[in-house]
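A short worksheet on the structure shown next.
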Amino acid sequence: MSNEENNTEEVVEQKPFSVLGFIEDNSKNLMYAGIALLVIAGGFWYYTSVYTPKRNAEANDELYKAEKFYEQDSLDLALNGDGGEILGLQDVADEFGNTPAGERAAYLAASALMTKGQYEDALEHLGNVSFDDEMVGPLAKCLEGDCQVQLDNFEEGISKYLKAANMRDNTFTSPYALMKAAKVQMHIEDWEGALKTLKRVKKDYSLTQYAANIDKEIARVEAAMK
């Protein structure tokens, strides 16, 4: 019998695909896969329900002490701690960076560093912050913009402010960020950009404190464009 006939017979004799047959033939592999999924699911539950809350509680304890120095404008102590039992904001951010309290520490550290004129260091800390908070998230993005502007990176600063304005739509952070963007746009004489930003404040946030002198600002920009 030729090889071609043998191959034909083998194809004919092959069993059709069966789900039950597949399970029987691969029962050991499927069992291992199931165990692996259980281990992953259990690990995820432990991380989110036990480990992370515990770490966040520890971070909050350390952050509370450092915040006291920050509130008293003792920025060096706030940033670096007392050299003893109290950790500084930077240490809390480094040690607990994957927790909400650790991210707050990074934000406060960035704020303190910017006040001290250490803009690059502040930006480094802000790069580790990913706030979902309604207020603090946009404020952190605005702080990035402030640092960029202080470094004379005006276009980058404007970009950060506009991103902050769009992160959340509320009557505090949105117009606050927009007015910051408009001021820098006017500083670099981007009159068209400034006019667009100011008109957005007037249209969407006319009842906020940030729109108190908006008509005067718009008139100033329009005069500069003539």
Side-chain angles (χ1 to χ4, degrees), residues 63 67 70-75 78-79 89-90 93 100-226:
L63 178 59
E67 279 183 315
Y70 181 86
E71 291 168 0
Q72 295 164 6
D73 290 329
S74 302
L75 297 184
L79 284 166
L89 293 169
Q90 295 182 107
E103 288 196 347
R104 287 204 311 278
Y107 170 73
L108 291 175
S111 177
L113 287 165
M114 184 188 163
T115 301
K116 289 169 62 66
Q118 297 173 233
Y119 308 120
E120 296 283 5
D121 293 333
L123 286 170
E124 186 175 340
H125 279 292
L126 288 170
N128 298 320
V129 176
S130 57
F131 286 111
D132 292 324
D133 184 85
E134 178 76 15
M135 294 293 181
V136 182
L139 290 177
K141 188 62 67 176
C142 278
L143 190 57
E144 284 188 63
D146 293 341
C147 291
Q148 293 292 352
V149 169
Q150 290 297 328
L151 292 167
D152 292 337
N153 300 324
F154 300 116
E155 295 289 351
E156 185 65 20
I158 292 167
S159 174
K160 297 297 183 183
Y161 293 141
L162 294 178
K163 284 181 180 178
N166 293 327
M167 284 176 70
R168 296 289 187 274
D169 184 12
N170 59 57
T171 56
F172 174 65
T173 62
S174 296
Y176 171 74
L178 288 171
M179 290 305 296
K180 277 182 169 286
K183 287 179 181 179
V184 180
Q185 287 168 325
M186 287 187 280
H187 176 74
I188 64 173
E189 298 185 354
D190 175 12
W191 303 118
E192 289 187 5
L195 184 61
K196 180 179 179 181
T197 303
L198 291 169
K199 284 186 174 180
R200 181 177 168 189
V201 174
K202 180 176 181 178
K203 177 178 179 292
D204 297 336
Y205 307 103
S206 61
L207 299 180
T208 68
Q209 60 177 325
Y210 302 100
N213 297 311
I214 200 70
D215 288 328
K216 184 184 297 184
E217 296 294 340
I218 289 174
R220 176 187 168 194
V221 170
E222 289 177 335
M225 296 175 69
K226 293 178 181 179

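Given the structure is predicted, the values throughout are model-derived calculations rather than measurements.
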Sub-4.5 Å side-chain heavy-atom contact between [X] and [Y]:
X    : Y    : answer
L89  : L63  : yes
E217 : M186 : yes
K203 : R200 : no
Y161 : L178 : no
D121 : M114 : no

Inset, instruction - State whether a side-chain donor-acceptor pair under 3.5 Å links E156 with N153. - result: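 The answer is no; no qualifying pair exists.
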
Legend entry - Donor + acceptor pair across side chains of S111, Y70 (<3.5 Å):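 Yes.
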
Out of curiosity, [X] [atom1] to [Y] [atom2], how far, rounded to the nearest 0.5 Å?
X    : Y    : atom1 : atom2 : value
Q148 : D146 : CD    : CG    : 10.0 Å
Y176 : Q209 : OH    : CD    : 10.5 Å
I188 : D152 : CD1   : CG    : 11.5 Å
N170 : M135 : CG    : CE    : 4.5 Å
K160 : L126 : NZ    : CG    : 9.5 Å
L139 : M167 : CG    : CE    : 9.5 Å

Inset, instruction - State whether the side chain of T171 and the backbone N or O of Y205 hold a donor-acceptor pair below 3.5 Å, judged by distance alone. - result: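 The answer is no, because no donor-acceptor pair under 3.5 Å joins these two groups.
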
Inset, instruction - Indicate yes or no for a side-chain donor-acceptor contact from Y107 to the backbone of H125 under 3.5 Å, with no hydrogens or angles considered. - result: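 Checking the backbone N and O of H125 against the side chain of Y107, no donor-acceptor pair under 3.5 Å is found.
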
[X] versus [Y], closest heavy-atom pair with distance:
X    : Y    : answer
A164 : P138 : CB-O, 3.5 Å
L162 : A181 : CD2-CB, 3.9 Å
A194 : A182 : CB-O, 4.1 Å
A109 : Q90  : CB-CG, 4.2 Å
I214 : M179 : CD1-SD, 3.9 Å
C147 : A122 : SG-CB, 3.7 Å

[atom1] ([X]) with more than 12 external heavy atoms under 6.0 Å:
X    : atom1 : result
E192 : CD    : no
E120 : CD    : no
E124 : CD    : no

